[in-house]
Protein chains: 2
Amino acid sequence: MTARAASERAPQPAEPAPWASVRERLRARGLRWTPQRRVLIDVLAASTGHVTGSELVDRCRAVDPATVPSTVYRALDVLEELGLVSHSHGHDGREEFHILPDAAHGHLHCTRCRRTWELPAGEAAELTIGLHDARGFSVDLSHLSVGGLCADCRGA
Amino acid sequence: MTARAASERAPQPAEPAPWASVRERLRARGLRWTPQRRVLIDVLAASTGHVTGSELVDRCRAVDPATVPSTVYRALDVLEELGLVSHSHGHDGREEFHILPDAAHGHLHCTRCRRTWELPAGEAAELTIGLHDARGFSVDLSHLSVGGLCADCRGA
DNA sequence: CGCAGTATTGCACGGTGTTGCAACAGCGGG
DNA sequence: CCCGCTGTTGCAACACCGTGCAATACTGCG
Ligand SMILES: [Mn+2]
Ligand SMILES: [Mn+2]
Ligand SMILES: [Zn+2]
Ligand SMILES: [Zn+2]
């Protein structure tokens with residue numbers, strides 16, 4: 001079969017650039033490339049959008065059953081510092097990670113239907129600029145999560 | 001001694017009106033006035049500002065060592081429905097209760113120094129109005145907590 | 001004052017993270 | 001290829017809450 005030969009020869013199974021360079025970026029900071037971090041990177045590279053912390057732990061465990069939660073959470077902290085993920089909190093306070101955030105944005109959460117939407121920086125500009133000018137406060141937009149009722153759920 | 005007679009005669013030790021009427025408000029809804037709820041009310045009446053959930057549990061335990069956390073949290077849910085407390089989440093996701101919120105407001109949290117400030121409705125008006133008009137989304141301001149760096153901490 | 005009906009409690013357990021610490025293992029250098 | 005320095009891991013324990021369920025106890029009523 002040619003399938004096997006092809007898979008052996010393939011350089012990388014189409015991993016987006018940011019993930020490919022993680023190893024170098026870690027080492028450049030004196031940090032290390034470990035099997036546990038590799039598993040998490042693989043999981044993240046195969047995911048998109050928003051995922052909760054415990055869901056990521058589960059997915060890592062699916063790859064390596066020996067996975068331990070604290071290691072995953074600590075690795076996520078490191079990746080957040082590299083800007084590869086960002087987290088905010090759902091209405092119940094649970095962490096939600098956003099993978100490869102393209103641009104800083106907040107999140108909208110409907111209390112009733114539990115759906116979430118992204119809140120582009122533009123729609124929060126008045127708040128962030130206002131707080132900056134009035135108080136010198138610099139809002140961390142990516143951590144902002146706004147709860148309330150969506151249009152649909154207000155019909156009740 | 002007159003002290004004893006005085007304390008017996010005293011109508012109420014200056015409990016603000018809202019707390020005095022809790023019992024009636026509960027009963028009006030078919031809910032009950034229990035010793036556990038009374039302890040929490042006493043604790044709340046003696047507190048002001050913002051307190052975390054676990055801190056309230058501790059204070060209740062100081063009054064009644066038999067206090068059980070789940071009961072306190074469930075009682076807080078009830079009181080929140082009555083509008084006597086409201087909660088938001090700190091940067092770490094922990095609950096912070098605001099006692100007798102006079103007016104709806106959000107909270108500002110500095111990630112570095114851990115201080116918090118109130119965010120009056122006016123300062124968030126553009127956001128809430130904007131989301132209302134653009135998306136029909138009705139923001140729950142009291143649950144909103146905005147993280148970032150305060151003016152002081154930006155000098156770093 | 002005792003009853004019945006229903007709200008509430010306590011308990012035990014599960015979920016989601018966080019932290020201190022000793023053992024371990026990348027990784028650069030000899 | 002082995003050493004040693006440090007960054008990491010795994011473990012165990014802890015913190016903060018939520019939930020299902022059976023036992024309990026408010027409350028209004030007779
Ligand atoms: Mn909440
Ligand atoms: Mn957070
Ligand atoms: Zn909704
Ligand atoms: Zn600060």
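Throughout, a chain's letter reflects where its sequence line sits, starting with A, and its residues are numbered from 1. All figures in this text were calculated on a predicted structure; none of them were measured in a lab.
Side-chain contact between B/C150 and B/C113 is present, with at least one heavy-atom pair separated by less than 4.5 Å. Between A/T128 and A/H132, the closest side-chain pair of non-hydrogen atoms is not below 4.5 Å. The side-chain heavy atoms of A/R59 and A/S47, taken from C-beta on, include a pair separated by under 4.5 Å.
Under the salt bridge (Lys or Arg N to Asp or Glu O under 4.0 Å) criterion, B/R115 pairs with B/D152, not counting sequence neighbours. In terms of the ring-ring contact (aromatic ring centres under 6.0 Å, His included) criterion, residue partners of B/F97 (sequence neighbours excluded) are, by chain and number, B/H87. Here B/D64 pairs with nothing under the salt bridge (Lys or Arg N to Asp or Glu O under 4.0 Å) rule; sequence neighbours left out.
The separation between B/L76 atom CG and D/dC16 atom C1' is 13 Å, rounded to whole Å. Taking atom CZ of residue B/R37 and atom P of nucleotide D/dC26, one finds them 11 Å apart after rounding to whole Å. The interatomic distance linking B/E96 (CD) with D/dC17 (P) rounds to 10 Å, in whole Å.
Between B/W33 and B/F97, the residue whose closest nucleotide on DNA chain D is further toward the 5' end is B/F97. Where B/S70 and B/V78 meet DNA chain C, the nucleotide closest to each residue was compared, and B/V78 sits on the side nearer the 5' end. Residue whose closest nucleotide on DNA chain D sits further toward the 5' end, between B/P69 and B/P35: B/P69.
Looking at residues 21-30 of chain A, you'll see A/R23, A/R27 sit with a heavy atom under 4.0 Å from some atom of DNA chain C. If you check residues 52-64 of chain B against DNA chain D, the residues with a heavy atom closer than 4.0 Å are B/G53, B/S54, listed by number.
Of the options B/L84, B/V85, B/L26, B/L40, a side-chain contact (heavy atoms from CB on, under 4.5 Å) to B/V78 is made by B/L26 and by none of the others.
As judged by a 4.0 angstrom heavy-atom cut-off over every strand, B/R94 is placed among residues touching the sugar-phosphate backbone only. Within the nucleic acid shown, B/R74 comes within 4.0 Å of at least one base atom, counting heavy atoms only.
Remark: the backbone N or O of A/A66 is not paired with any side-chain donor or acceptor of A/R61 at under 3.5 angstrom.
Between the side chains of A/S138 and A/D140, no donor N or O sits under 3.5 Å from an acceptor N or O.
Here the straight-line distance linking atom OG of A/S70 with atom CD of A/Q36 works out to 10.5 Å at 0.5 Å rounding.
Ring pair A/H105/A/H50 is perpendicular by interplanar angle, where above 60° counts as perpendicular and below 30° as parallel.
Once you apply a 4.0 Å limit to the heavy atoms of chain A, the touched nucleotides of DNA chain C run 5' to 3' over C/dT16 to C/dG28.
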